[in-house]
Amino acid sequence: MTDKVRVRFAPSPTGFLHIGGLRTALYNELLAKQKGGSFILRIEDTDQTRLVEGGIENIVRTMKLMGLEANEGIYLDNKGQVSERGEYGPYLQSRRKEKHAEYAEQMVVMGKAYHCFCSAERLEELRREQQASGRPTMYDGKCRAIPLEEAEKRIAEGEKFVIRLKLPKQGKITAWDVIRDDITFDWSLIDDQVIIKSDGFPTYHLAATCDDHDMEISHVIRGEDWLPSLPKHLFIFESFGWTPPKYAHLPLLLNADHSKLSKRQNDVAVEDYLKKGYLPDAIINFVALLGWNPTGDREIYTHEELIAMFDLAKVNKAGAVFNLEKLDWLNEHYLRSMPNDAYLELVAPHVQDKTDDHGFLDRCLLLVRDRVTLPSQAVELTADLLKEDLDYSTVNITWKTQPKEQAVERLSAVREMLATVKDTDFVAQGARTEFEMEIKKLITEKGWGNGDTLWPLRVALSGNEKSPSPFELLEVLGKDRSLQRIDAAIDFLG
RNA sequence: GGCCCCUUCGUCUAUCGGUUAGGACAGCGGCUUUUCAAGCCGUUAAGAGGGGUUCGACUCCCCUAGGGGCUACCA
């Protein structure tokens, strides 16, 4: 054993990377990076009945998109093939089946496990009786007393069997958890867990513990749902005389009704959030703060800052409701604080109405940035800006009770003034400020009101009653489009 | 039912015996204003209940209540 921090994220490939799994992976990665240790990805695929096609690829790919790459274990090679790297392999658990079988046999020999020949029917019957009489449902130990020679004979005769842990029947065990401290369990209440199934594959309990040992894992960081089986895992370590890793059981992520986070109530696949346009940085930031906050008076952290500040012992004990409102806010924040180029690159692919005028398109996208929560929304937000012809029939170009004639008068005067502005000055840096000064000057000179001039102008330019200011619109649209729109509005009113 | 874990604003959280219990999201209000956003400022809102321990408890202990997890030849 080394003192090096070696942590693993060990999902089973039964679906896709889950938002809860993401947080578990993140906390593992944060610790590894902070301590200069190894972050290992191991795939736990011992349940052959639940394998999902493409599950492994999805998990690895999504982790990579999220900036969470394991430096050891499973990864995707250049061709997108599932591969392994590192000196503690195999990292695909099913490939360690022989090792697990050996370990199980050793435990049998040491008297720490036994062969069980009970049928599924008997077990079910047993459970039913126990339930009916209000007793805890657990294996009654019928096969515990079968001598090893007899068991081996029955196996040789082809009888189906599983291997169960031979747990102590009395006394207590106190386990230590980084987040929860001491936890005491009563051995008499813990079931003789199956560690080798009748198909020869190990269950999680055996596979994970043996692999954690073989891979010299220093910290096991996993979901709280594993807490009840911790004594069984410790028992396996103790049976072999191995030093167990430090355990940290993370609080669960919850639905709004406080039940365990599920896809019944939430989108739970990280990939779905990525598809919707949530930024990896925002998701990481958000998920990191579900159950932990280094200071409590700050919300924005880069991945690097999270690495520097992470502290397992400060992780909360209580579950955290997964609430999207804050994720939205974070996404908006990241969208607004990134460089223009990066923002445009993110948003531009969503725009369908292609225009050859890239400068125009960029100006449109930049204009609506403050209204965008998700990149895809920019499409709708810029639709009327990019349109050739606007439909004024559904909006009021006139301000409040303003007569049409007055609106026409104001628009015509502004148009006349704008016609004298050079094309290039229209879209120049700071043009919007210039427009604001000039137009407001005009309004003052004529003795008009802001509303009765600016409202018609703005609606004429945007085609909407709610929109950015007319000054910004002029700068974004440029001379030709602006004049054309004002003309169209005057036309419509006349 | 049994076992285990948990309990600060609606939500995410800070507080490691002494604070006017702090921040953020959401909400509400205001500023700005031609509209809607954004931004800025302000504001509503919390220690589940009951016992202890202590000069002093959100903080430590116990009980109760509530919530959650586990209770598979699934992870």
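Everything quoted here is computed from the prediction, not taken from an experiment.
Protein atom CZ of A:Arg222 is 11 Å distant from nucleotide atom C1' of B:A75, rounded to whole Å. In this structure, CD of A:Glu159 is placed 15 Å from C1' of B:C73, rounded to the nearest angstrom. Taking atom CG on A:Leu252 and atom P on B:A75, their separation rounds to 18 Å, with Å as the unit. The NZ atom of A:Lys326 sits 14 Å away from the P atom of B:G27 (whole-angstrom rounding). When rounded to the nearest whole Å, the span between CG of A:Asp177 and P of B:G69 equals 18 Å. When the P atom of B:U35 is taken as reference, atom CG of A:Asn450 falls 9 Å away, rounded to whole Å. Per the geometry, CG belonging to A:Leu306 stands 14 Å off P belonging to B:U13, to the nearest Å. Spacing between atom CG of A:Leu167 and atom C1' of B:C3 amounts to 14 Å, rounded to whole angstrom units.
Taking 4.0 angstrom as the limit, A:Arg336 places none of its side-chain polar atoms (N or O) nearer than this to OP1 or OP2 of B:A38. Distances shown here put a side-chain N or O of A:Lys197 below 4.0 Å from the OP1 or OP2 atom of B:A75. Between A:Arg371 and B:C36 there is no side-chain polar atom (N or O) within less than 4.0 angstrom of OP1 or OP2. Close to B:U35, at under 4.0 Å from its OP1 or OP2, lies no side-chain N or O of A:Ser469. Remark: A:Trp455 is not in phosphate contact with B:U34, judged by side-chain N or O atoms under 4.0 Å from OP1 or OP2. Contact between the side-chain N/O atoms of A:Lys260 and the OP1/OP2 oxygens of B:C70 is found at a separation under 4.0 Å. At the phosphate of B:G68, neither OP1 nor OP2 sits under 4.0 Å from any side-chain N or O atom of A:Lys317. A:Asn293 has no side-chain polar atom (N or O) that falls below the 4.0 Å cut-off from OP1 or OP2 of B:U13. In this model, the phosphate group of B:A72 is approached by a side-chain N or O of A:Thr137 to a distance below 4.0 Å at OP1 or OP2. Checking the phosphate oxygens (OP1, OP2) of B:C73, no side-chain nitrogen or oxygen of A:Lys160 falls inside 4.0 Å. For B:U8, neither phosphate oxygen OP1 nor OP2 lies less than 4.0 angstrom from any side-chain nitrogen or oxygen of A:Asn316.
By the 30° and 60° cut-offs, the orientation of the rings of A:Tyr392 relative to A:Phe492 is tilted. Classification of the A:Tyr273-A:Tyr278 ring pair by plane angle, with boundaries at 30° and 60°, yields tilted. Between A:His233 and A:His205, the angle of the ring planes lies from 30° to 60°, which puts this pair in the tilted group. Using a 30° and 60° split on the angle between ring planes, A:Trp226 and A:Tyr204 fall in the parallel class, below 30°. Using the six-membered ring where Trp is involved, A:Trp292 and A:Tyr27 have ring planes that are perpendicular, over 60° apart on the 30 and 60° scheme.
Here the separation of B:A65 from B:G50, taken at their P atoms, is 15 Å to the nearest Å. The separation of B:U34 from B:G47, taken at their C1' atoms, amounts to 48 Å, rounded to a whole angstrom. If you take atom P in B:C41 and the same atom in B:A26, they sit 15 Å apart, rounded to whole Å. Going from the P atom of B:C3 to that of B:A57 covers 33 Å, rounded to whole Å. A gap of 36 Å separates the C1' atoms of B:G1 and B:C9, to the nearest Å. Remark: the separation of the P atoms in B:G42 and B:G52 is 43 Å, to the nearest Å. Taking atom P in both B:U8 and B:C40, one finds a spacing of 30 Å when rounded to whole Å. Of the P atoms belonging to B:G66 and B:C25, the separation is 35 Å, rounded to the nearest Å.
For A:Asn323, the side-chain atoms get nearest to B:U11 when compared with the rest of B:C70, B:A24, B:U11. Listed nucleotides B:G67, B:G23, B:U34 differ in distance to A:His258; the shortest reach to its side chain belongs to B:G67. Looking at the side chain of A:Leu290, the nearest of the listed nucleotides B:A75, B:U35, B:C12 is B:C12. For A:Arg127, taking side-chain heavy atoms from C-beta onward, the closest of the listed nucleotides B:U13, B:A72, B:C70 is B:A72.
Counting any heavy atom pair closer than 4.0 Å across all strands shown, A:Gly451 reaches sugar-phosphate atoms only and no base atom. A:Thr295 comes within 4.0 angstrom of sugar-phosphate atoms only, judged by non-hydrogen atoms across all strands, and of no base. Across all strands shown, A:Gly449 has no heavy atoms under 4.0 Å from either base or sugar-phosphate atoms. In this structure, A:Thr184 reaches the sugar-phosphate backbone alone: every heavy-atom distance under 4.0 Å involves primed, P, OP1 or OP2 atoms, never a base. Contacts of A:Asp452 with the nucleic acid, taken as non-hydrogen atoms under 4.0 Å apart, are absent. Residue contacts shown for A:Phe471 include a base, since a base heavy atom lies under 4.0 Å away. At a threshold of 4.0 angstrom between heavy atoms, the contacts of A:Val162 include nucleobase atoms, whether or not backbone atoms are also involved. Among the protein residues, A:Glu44 comes within range of the sugar-phosphate backbone only, with heavy atoms under 4.0 Å from sugar or phosphate atoms but none that close to a base. Using a 4.0 Å heavy-atom cutoff across all strands shown, A:Phe185 reaches sugar-phosphate atoms only and no base atom. Counting any heavy atom pair closer than 4.0 Å across all strands shown, A:Pro456 reaches no nucleic acid atom. Using a 4.0 Å heavy-atom cutoff across all strands shown, A:Thr203 reaches sugar-phosphate atoms only and no base atom.
The base of B:C5 is not paired with the side chain of A:Arg180 by any donor and acceptor separated by under 3.5 Å. The base of B:G68 is not paired with the side chain of A:Glu224 by any donor and acceptor separated by under 3.5 Å.
Of the residues near RNA chain B, A:Ser467 and A:Tyr204, the one whose nearest nucleotide (by heavy atom distance) lies more toward the 5' end is A:Ser467. Judged by closest nucleotide on RNA chain B, A:Leu227 is the one of A:Glu332 and A:Leu227 placed further toward the 5' end.
A:Asp211 has no carboxylate O lying under 4.0 Å from a charged side-chain N of A:Lys99, or vice versa, which leaves the two without a salt bridge. Classification of A:Arg180 and A:Glu224 as a salt-bridged pair holds, one side-chain N sitting under 4.0 Å from a carboxylate O.
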Q: Evaluate side chain to side chain donor-acceptor pair (under 3.5 Å) for A:Glu332 paired with A:Thr373, printing each intermediate quantity in order.
A: CA-CA 5 Å; A:Glu332 289 164 4; A:Thr373 299; 2.6 Å; yes
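In this structure, A:Arg154 is positioned above the aromatic face of A:Phe117, its NZ or CZ under 6.0 Å from the six-membered ring centre and within 45° of the axis.
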